[in-house]
Amino acid sequence: MAKTTASDVLKGTFARVFLDGDEIATFTNIEATVTPNYEDVQIGFDVDRTAVSWTGEGTLSMQATNSITTKLFNKLKANKEIRFTIEAELTKKSTGETQFTSMPNCTLDSLPLVAWKKGALVENEIGFRFLPSEVQSTQLID
C-alpha cells in the first residue's frame, strides 16, 4: 500500500462566480454532481436501461455579505433568465499541479437576500444547476 503524506493533500484554491465577465463572489465550498437519467429498454426477455440525459446540480457556500446578495438580487430582478459562470481550482500541495473546472450557464436555486447574526460570521449555502455538456476541466492532476 502506498504511503500518503501531508504533501500529497489536495486543497481547494478557490471557487468563484462570474456574471457577464465580472467576478461576483468568492466561495468557501463547492460541490457539483452530474446525475445520469435513465429509461428502461427491453432487449429480448431482459429489461436494461439506457441513459437519456444528464442533470448537473451543486451547492456553493459563501460568507454572507449583504452587498453581494443585494447586487445579485437587483440583477435577477432586471433579467429573470440570468446565467452565471462558476470556476473552481484544486491544487496538489506537493507538486503545485492544479485542476481547473469551469461551469458556464449556471442558474441559482435560491438567493439568501438577508442573513445576519449578531457577533457571528454567517455562511450561506446556495444551490445551483448547470449543463453538464458545457463543463470544461483542464490541467487535470494525475
Side-chain angles (χ1 to χ4, degrees), residues 1-43 46-142:
M1 179 189 296
K3 186 176 178 180
T4 302
T5 64
S7 63
D8 293 324
V9 170
L10 299 175
K11 67 176 189 171
T13 308
F14 67 78
R16 304 182 299 193
V17 175
F18 292 86
L19 175 63
D20 298 330
D22 295 325
E23 184 174 349
I24 295 171
T26 301
F27 291 81
T28 58
N29 185 40
I30 183 170
E31 183 177 321
T33 303
V34 175
T35 304
N37 302 303
Y38 296 99
E39 285 185 0
D40 287 346
V41 293
Q42 187 161 351
I43 303 172
D46 298 325
V47 175
D48 197 358
R49 63 183 189 169
T50 185
V52 294
S53 64
W54 292 340
T55 301
E57 298 176 306
T59 56
L60 292 166
S61 296
M62 71 175 225
Q63 293 176 357
T65 59
N66 189 48
S67 61
I68 290 172
T69 54
T70 301
K71 286 178 186 176
L72 280 173
F73 180 62
N74 288 334
K75 289 181 183 272
L76 283 168
K77 285 194 307 185
N79 179 1
K80 311 280 188 283
E81 296 298 321
I82 202 165
R83 300 290 174 139
F84 303 88
T85 297
I86 297 173
E87 294 181 347
E89 183 177 282
L90 185 67
T91 301
K92 186 173 184 180
K93 190 175 177 183
S94 61
T95 63
E97 293 174 276
T98 60
Q99 179 170 323
F100 180 80
T101 301
S102 177
M103 293 170 273
N105 288 318
C106 295
T107 57
L108 302 180
D109 292 344
S110 64
L111 182 63
L113 188 57
V114 176
W116 301 323
K117 186 173 184 180
K118 184 177 179 179
L121 181 62
V122 177
E123 195 166 280
N124 290 319
E125 190 171 278
I126 300 171
F128 66 93
R129 291 191 68 172
F130 61 95
L131 302 173
S133 61
E134 294 190 6
V135 172
Q136 297 177 2
S137 294
T138 59
Q139 305 168 4
L140 300 178
I141 296 174
D142 292 327

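Remember, predicted model here, so these are calculated numbers, not experimental data.
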Contact check, side chains of Phe128 and Ile86, non-hydrogen atoms, under 4.5 Å: yes

4.5 Å side-chain heavy-atom contact, Met103 and Val135: yes

Above 12 or not: heavy atoms from other molecules or residues under 6.0 Å from [atom1] of [X]?
X	atom1	answer
Arg49	CZ	no
Glu31	CD	no
Gln42	CD	yes

Rounded to the nearest 0.5 Å, what separates atom [atom1] in [X] from atom [atom2] in [Y]?
X	Y	atom1	atom2	result
Thr107	Glu57	OG1	CD	9.5 Å
Tyr38	Asp48	OH	CG	10.0 Å
Asn79	Asn74	CG	CG	13.0 Å
Thr33	Trp54	OG1	CH2	14.0 Å
Ile30	Thr101	CD1	OG1	8.0 Å

Which heavy atom in [X] sits nearest to a heavy atom in [Y], and how many Å separate them?
X	Y	value
Ile126	Ser110	CG2-O, 3.3 Å
Pro132	Gly56	CG-N, 3.6 Å
Phe130	Cys106	CB-SG, 3.7 Å

